**Student:** 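Provided herewith is a single structure, encoded as structure tokens, for subsequent inquiry.
Computed from heavy atoms alone, side chains included, the values below leave out hydrogens, waters and symmetry copies. What you see is a predicted model, and the numbers here were worked out from it, not measured in a lab.
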Amino acid sequence: MQRILAEQECECVTRFPYWAAAESEFRERFATAEYREVVEATEDFRRLANELRLSAMPICEAAGNW
């Protein structure tokens, strides 16, 4: 959602990053994390995505990608 708002476009590659990139970021950020830290980060990411969703939705609807 952050990328959509920053770029003001909603192509698939923007909305849905390549899995390898997402996996790489996860490994960098959480390689040594405890389970609870991962759960808390997931909750934070979901909360942020939900906050941004209403702003991103019109951009994606206009692109036919919602």
**Student:** Should Glu40 and Arg36 count as an ion pair when the cut-off is N to O under 4.0 Å?
**Tutor:**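 Answer for the salt bridge query: yes.
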**Student:** Is it true that atom CD of Glu34 has more than 12 heavy atoms of other residues, nucleotides or ligands lying nearer than 6.0 Å?
**Tutor:**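 Open: at most 12 neighbouring heavy atoms sit under 6.0 Å from CD of Glu34.
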**Student:** If I take atom CE from residue Met57 and atom CG from residue Leu52, how far apart are they, to the nearest 0.5 angstrom?
**Tutor:**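 Interatomic distance, Met57 CE to Leu52 CG, rounded to 0.5 Å: 12.0 Å.
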**Student:** Using only atom types and a distance under 3.5 Å, with no angle test, would you say the side chain of Arg15 pairs donor to acceptor with the backbone of Cys60?
**Tutor:**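 No: the side chain of Arg15 does not pair with the backbone of Cys60.
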**Student:** Compare every heavy atom of Cys10 with every heavy atom of Asn65, then report the nearest pair and how far apart it is.
**Tutor:**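 Minimum heavy-atom separation between Asn65 and Cys10: ND2-O, 2.8 Å.
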**Student:** Can a side-chain donor-acceptor contact be found between Arg53 and Asn50 if the only test is distance below 3.5 angstrom?
**Tutor:**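 Judged by distance alone, the side chains do pair up.
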**Student:** Please determine if Glu43 and Arg47 form a salt bridge, counting it only when a charged side-chain N lies under 4.0 Å from a carboxylate O.
**Tutor:**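 Between Arg47 and Glu43 there is no salt bridge, as every charged N stays at least 4.0 Å from the carboxylate O atoms.
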**Student:** Between Ser24 (side chain) and Ala20 (backbone), is there a donor-acceptor pair under 3.5 Å?
**Tutor:**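 Not confirmed, Ser24 side chain does not pair with Ala20 backbone.
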**Student:** If the condition is ring-ring contact (aromatic ring centres under 6.0 Å, His included), which residues does Phe45 pass it with, not counting sequence neighbours?
**Tutor:**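 With sequence neighbours excluded, Phe45 shows a ring-ring contact (aromatic ring centres under 6.0 Å, His included) to no residue whatsoever.
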**Student:** Under 4.5 Å between any side-chain heavy atoms of Ile59 and Gln8, yes or no?
**Tutor:**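 Heavy-atom side-chain distance check passes, below 4.5 Å.
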**Student:** Would you call Leu5 and Gln2 a side-chain contact if the rule is heavy atoms closer than 4.5 Å?
**Tutor:**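 No. Closest side-chain heavy atoms not under 4.5 Å.
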**Student:** According to salt bridge (Lys or Arg N to Asp or Glu O under 4.0 Å), who are the partners of Arg29, at least two apart in sequence or on a separate chain?
**Tutor:**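 For Arg29, the residues satisfying salt bridge (Lys or Arg N to Asp or Glu O under 4.0 Å) (neighbours in sequence not counted) are Glu25.
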**Student:** Does Arg3 use its side chain to pair, donor to acceptor, with the backbone of Thr14 at less than 3.5 Å?
**Tutor:**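 Checking the backbone N and O of Thr14 against the side chain of Arg3, a donor-acceptor pair under 3.5 Å is found.
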**Student:** Please say yes or no: joined through hydrophobic side-chain contacts below 4.5 Å, possibly via intermediate residues, are Met1 and Val13 part of one cluster?
**Tutor:**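 Result: no, two separate clusters.
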